[in-house]
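Here's the structure, in structure tokens; my notes come after.
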Number of protein chains: 2
Amino acid sequence: MSRAIRRSTVSKTVPEPPEAPLLPVPGLDYGVLDELLGYALRRAQNALYLDFYRATADLDVSPQRFAALVLVGRNPGMRQGLLAQAMGLHRSGALRLTDWLTDRGWAERRDDAEDARRWGLHLTATGKRKLALLERRVRDHDQGLMRGMGDHAARLKADLERLATVAAAAAAALEESK
Amino acid sequence: MSRAIRRSTVSKTVPEPPEAPLLPVPGLDYGVLDELLGYALRRAQNALYLDFYRATADLDVSPQRFAALVLVGRNPGMRQGLLAQAMGLHRSGALRLTDWLTDRGWAERRDDAEDARRWGLHLTATGKRKLALLERRVRDHDQGLMRGMGDHAARLKADLERLATVAAAAAAALEESK
DNA sequence: TATTGTTATACTCTATAACTATA
DNA sequence: TATAGTTATAGAGTATAACAATA
């Protein structure tokens with residue numbers, strides 16, 4: 001592959017957040033939606049996304065990009081393909097995500113000693129500073145949500161982790177039975 | 001506004017699902033992500049979306065469009081603006097969503113008796129049949145997830161509803177303090 | 001003047017398919 | 001041949017801004 005400098009065509013901003021939270025509108029009949037675990041999850045996810053967006057508005061990231069920054073920071077030298085796998089993305093998506101980080105000077109690609117097809121991803125000094133700042137902000141903010149959930153916070157987190165594996169197993173079973 | 005027949009430029013298919021679930025990759029260090037309620041929620045949401053997509057693959061809907069169908073079915077005559085509000089969308093998004101439903105002959109716009117600026121949204125007979133089929137499928141499927149969560153299912157749903165309001169309040173407070 | 005819905009546009013996000021270099 | 005990454009493209013999703021009709 002060409003190791004020449006590439007021109008990346010990556011987004012310049014963070015995506016627009018939802019217009020408004022998805023909270024129940026008084027007087028509307030939600031029918032079956034009110035019974036569904038999936039819809040409750042969607043409502044919560046929507047509210048948290050909006051909240052994350054506002055809490056980090058000045059730092060120019062998205063939840064996904066924050067996650068990528070953490071992963072590269074914690075696993076220096078990781079390949080793009082592994083980043084894709086960890087984030088549930090196609091290879092081409094991991095490329096764009098990496099480009100976004102390198103365009104800002106937060107990460108860089110280095111040659112992989114074992115396999116010349118691969119890159120090793122590393123944070124720059126700037127990236128490390130940015131990550132430290134972001135981690136503090138995001139953690140504080142998340143802890144605020146946890147406080148709001150009181151003594152249900154820990155069990156909610158555990159239940160969500162279990163739900164993710166339950167749903168993934170269900171999806172895999174459907175894929176299988178095709 | 002023109003009540004002439006419009007040419008809708010709406011998508012023909014359902015969006016591509018994530019490439020793969022976001023489950024933890026063994027051997028990777030997730031750092032702070034493993035501590036965050038928000039990341040646990042993201043993992044669950046990702047898995048459920050993929051699962052919904054596969055469970056309804058033959059029915060050509062997305063979670064959002066399913067929700068719109070339920071809302072219009074349950075609240076006949078509702079305005080587009082109200083649909084936007086209920087779904088956390090901009091007006092222009094509700095327009096596209098409505099176009100999508102009308103293009104398929106599942107819903108129709110009728111004049112609003114009280115205000116000539118508004119449309120009243122209604123399901124067609126076809127839309128009602130489709131909705132009945134979808135509701136059965138989605139409910140069965142959601143109950144499968146609930147069964148997988150055992151006796152934690154009800155409390156998880158309640159916790160998620162509370163989390164949505166906690167996060168929405170936090171987001172509103174941030175918006176306020178700007 | 002404000003509101004409802006529309007139009008036109010811009011931008012992001014993701015995947016697919018074909019390609020190059022390397023294993 | 002298979003894999004890692006790249007390129008080019010197509011399709012989806014959302015919002016913004018300006019506009020017409022109506023209140």
Side-chain angles (χ1 to χ4, degrees), chain A residues 1-20 22 46 49-50 53 60-65 68 77-85 87-100 102-103 109-121, chain B residues 1-20 22 46 49-50 53 60-65 68 77-85 87-100 102-103 109-121:
Chain A
M1 83 203 62
S2 167
R3 300 237 139 176
I5 288 162
R6 291 184 303 105
R7 194 158 22 100
S8 94
T9 54
V10 150
S11 49
K12 281 164 189 56
T13 68
V14 158
E16 294 296 335
E19 171 88 356
L22 212 54
N46 177 279
Y49 180 76
L50 191 60
Y53 180 87
D60 197 33
V61 291
S62 64
Q64 189 185 45
R65 285 166 185 160
M78 77 186 293
R79 299 177 297 109
Q80 270 182 215
L82 188 54
L83 184 63
Q85 191 190 337
M87 310 215 38
L89 291 173
H90 189 263
R91 298 201 301 278
S92 60
L95 168 90
R96 287 176 63 92
L97 192 49
T98 304
D99 276 356
W100 194 90
T102 58
D103 280 4
R109 294 175 168 96
R110 296 188 200 154
D111 288 335
D112 185 295
E114 293 180 7
D115 186 334
R117 291 174 302 185
R118 302 176 176 174
W119 299 109
L121 302 180
Chain B
M1 81 204 62
S2 167
R3 301 237 138 176
I5 289 163
R6 293 184 303 106
R7 196 162 17 105
S8 96
T9 54
V10 152
S11 51
K12 284 165 186 55
T13 68
V14 157
E16 293 295 336
E19 171 88 356
L22 213 53
N46 177 279
Y49 179 76
L50 192 61
Y53 180 86
D60 197 30
V61 291
S62 64
Q64 188 185 46
R65 287 166 185 162
M78 77 187 292
R79 300 178 296 110
Q80 271 182 214
L82 187 55
L83 184 63
Q85 191 189 339
M87 309 215 39
L89 291 173
H90 188 264
R91 299 201 300 277
S92 59
L95 169 92
R96 286 175 64 92
L97 192 50
T98 304
D99 277 356
W100 194 89
T102 58
D103 281 4
R109 293 176 168 96
R110 296 188 200 154
D111 289 334
D112 184 295
E114 293 181 6
D115 187 331
R117 291 174 302 185
R118 302 176 176 176
W119 298 109
L121 302 181

Open item on the list: Please report the interatomic distance CG(Asp112(A)) to CD(Gln80(A)), rounded to the nearest 0.5 Å.
Closed with: 11.5 Å
Please state how far atom [atom1] in [X] lies from atom [atom2] in [N], giving the value in whole angstrom units.
X         : N       : atom1 : atom2 : result
His90(B)  : dT12(C) : NE2   : P     : 18 Å
Leu97(B)  : dG5(C)  : CG    : P     : 13 Å
Leu89(B)  : dA12(D) : CG    : P     : 17 Å
Asp99(A)  : dT14(C) : CG    : P     : 14 Å
Leu82(A)  : dT3(D)  : CG    : C1'   : 15 Å
Leu22(A)  : dT14(D) : CG    : P     : 11 Å
Tyr49(A)  : dA15(D) : OH    : P     : 11 Å
Trp100(B) : dT14(D) : CH2   : C1'   : 17 Å

- [ ] Please step through side chain to side chain contact (heavy atoms under 4.5 Å, CB included) for the pair Gln64(B) and Leu89(B), ending with a clear verdict.
- [x] CA-CA 11 Å; Gln64(B) 188 185 46; Leu89(B) 291 173; 3.6 Å; yes
Open item on the list: Are the side chains of Asp111(A) and Trp119(A) in contact, using a 4.5 Å heavy-atom criterion?
Closed with: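 Trp119(A) reaches Asp111(A) side chain to side chain.
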Open item on the list: Between the base of dT16(C) and the side chain of Ser92(A), is one N or O donor paired with an acceptor at under 3.5 angstrom?
Closed with: yes
TODO: Quick one: label Gly93(A) by what it contacts on the DNA or RNA (base, sugar-phosphate, nothing), any heavy atom closer than 4.0 Å.
DONE: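 Here Gly93(A) touches no strand at all.
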- [ ] Classify the nucleic acid contact of Arg79(B) as base, sugar-phosphate or nothing, counting any heavy atom under 4.0 Å across all strands shown.
- [x] sugar-phosphate
Select one nucleotide: of [options], the one nearest the side-chain heavy atoms of [X].
X         : options                   : value
Arg96(A)  : dC13(C), dT22(D), dA23(C) : dC13(C)
Arg117(A) : dT14(C), dA4(D), dT6(D)   : dA4(D)
Leu95(B)  : dA12(D), dT14(C), dT6(C)  : dT6(C)
Gln64(B)  : dT14(D), dA15(D), dT14(C) : dT14(D)
Arg65(B)  : dG13(D), dT6(C), dG5(C)   : dG13(D)
Arg91(A)  : dG5(D), dA15(D), dG5(C)   : dG5(D)

TODO: Check step by step if side chain to side chain contact (heavy atoms under 4.5 Å, CB included) holds for Leu121(B) and Arg109(B).
DONE: CA-CA 5 Å; Leu121(B) 302 181; Arg109(B) 293 176 168 96; 3.9 Å; yes
Task: Under 3.5 Å donor-acceptor, Asn46(B) side chain and Leu22(B) backbone - done: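 Between the backbone of Leu22(B) and the side chain of Asn46(B) there is a qualifying donor-acceptor contact (under 3.5 Å).
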Open item on the list: Any side-chain N or O of Gln80(B) below 4.0 angstrom from OP1/OP2 of dT6(C)?
Closed with: yes
